[in-house]
Amino acid sequence: MKRVLITAGANGIGLVMAQAFAAEGYGVWVTDVDRSQIAALPEGIRGDVVDASDEAAMAGLFDRIAAEWGGLDVLCANAGIKGPTSAIEDMDLGAWHQCLAVNLDGAMIAAKYGARLMKPAGEGVMIFTSSTSGLYGTPFRAPYVAAKWGVIGLMKTVAMELGPFGIRANAICPGSVNGPRIDRVIEAEAEAKGMTPEAVRQGYASGTALKRLSDPEDVAAMAVFLASPAARMVSGQALAVDGMTYNVDP
């Protein structure tokens, strides 16, 4: 049985990823900060309440994985928060730090402890969740953009370091993905720009070649592919799942 850990895997994209891996026969272990969502996980998916930016808590999680599973085949460093929506001159430094802590520090911590399990095995796959915001700038989202660009740089470095040990690393860059999270992002952006949420949503869709938002299943399908033998020569790549964004601020 292949074993996958997904941070922030009890809701949204992470949960759909977890279900997709479970459908492929993987043992699935997820984390989340929301105890109620962990308690509501589907049967067959294991979950722990862990803050991805808390190194001590994450170290303990990996110790449990090592003790109970004996190793790890796939790591999905998926934890992230949207961070503040603000003009740069009004940016709160504390909110900036929190956004980078979860999105970027959390990815590094997961990779740090994941590498310690995968290197002795001589194989493994790390999948980082970045964003199209990690490929382009996004007005009023400076901390999120900075973190997601950082995730891609982290991934590329990890791919170089761990490739000689048979470990591949890639980043998925979702665009706007249908669900409660993008609803909150759209509401905040609409307020910042003095627009209606529906106008912002239509703008997101119109800025892509396919003229629509993605679904969580699109992102999960990419994760399952990247973890599979079919992607054995795919490493160090930032792969957009976004319908081809060509206007980031329509």
Side-chain angles (χ1 to χ4, degrees), residues 2 4-24 26 28 30-32 52 72-83 102-104 106-111 114 118 124-136 138 141 144-160 162-163 167-179 181-182 185 204 208-210 212-245 248:
K2 292 288 188 179
V4 59
L5 170 67
I6 304 170
T7 61
N11 69 94
I13 291 172
L15 177 57
V16 177
M17 276 187 189
Q19 292 169 316
F21 277 106
E24 293 292 319
Y26 280 74
V28 182
V30 308
T31 70
D32 208 280
L72 187 67
D73 301 292
V74 180
L75 166 67
C76 294
N78 175 65
I81 59 174
K82 73 177 187 65
V102 177
N103 290 285
L104 183 54
M108 183 281 292
I109 292 167
M118 292 178 178
V125 177
M126 294 189 184
I127 301 169
F128 297 85
T129 302
S130 180
S131 168
T132 49
S133 291
L135 302 171
Y136 317 104
T138 304
R141 301 289 306 284
Y144 184 79
V145 170
K148 292 303 187 179
W149 277 64
V151 166
I152 291 175
L154 169 68
M155 173 276 295
K156 287 184 175 290
T157 300
V158 166
M160 292 175 183
L162 300 184
I167 300 165
R168 296 186 292 108
N170 291 286
I172 301 176
C173 300
S176 299
V177 179
N178 285 312
R181 180 172 176 175
I182 198 63
V185 170
Y204 282 9
T208 71
L210 295 182
R212 61 176 182 264
L213 273 59
S214 304
D215 290 316
E217 290 78 9
D218 300 317
V219 181
M222 177 62 80
V224 170
F225 165 71
L226 289 173
S228 76
R232 68 188 186 94
M233 288 301 290
V234 181
S235 192
Q237 304 303 307
L239 299 153
V241 180
D242 67 336
M244 195 219 161
T245 301
V248 299

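Keep in mind that what you see is a predicted model, and the values were worked out from it rather than measured.
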Has Asn170 got a side-chain atom pairing as donor or acceptor with Val234's backbone, closer than 3.5 angstrom? yes
Leu226 side chain near Ile172 side chain, heavy-atom distance below 4.5 Å: yes
Check for a donor-acceptor pair, side chain of Asp73 on one end and backbone N or O of Val4 on the other, with a separation under 3.5 Å. no
Using only atom types and a distance under 3.5 Å, with no angle test, would you say the side chain of Arg141 pairs donor to acceptor with the backbone of Val185? no
Does any N or O in the side chain of Arg212 come within less than 3.5 Å of the main-chain N or O of Gly243, such that one atom is a donor and the other an acceptor? no
Please determine whether the number of non-hydrogen atoms from other residues, nucleotides or ligands lying under 6.0 Å from atom NZ of Lys2 exceeds 12. no
Expected output: side-chain Asn78 to main-chain Ala8 donor-acceptor under 3.5 Å: yes
Quick one: side-chain hydrogen bond (donor to acceptor under 3.5 Å, both in side chains) pairs with a partner in residues 224-236, sequence neighbours left out? none
With Met118, the side chain to side chain contact (heavy atoms under 4.5 Å, CB included) member among Leu162, Leu75, Val125: Leu75
Donor-acceptor pair, Trp149 side chain versus Ser133 backbone, under 3.5 Å? yes
Would you say Ser131's side chain and Cys173's backbone share a donor-acceptor pair under 3.5 angstrom? no
Does Ser130 reach the main-chain N or O of Ile152 with its side chain, forming a donor-acceptor pair under 3.5 Å? no
Does Asn178 reach the main-chain N or O of Ser214 with its side chain, forming a donor-acceptor pair under 3.5 Å? yes
Please answer whether the main-chain N or O of Thr129 pairs with a side-chain N or O of Lys148 as donor and acceptor at a distance below 3.5 Å. yes
Option from Leu213, Val219, Ile182 for which side chain to side chain contact (heavy atoms under 4.5 Å, CB included) with Val177 holds: Val219
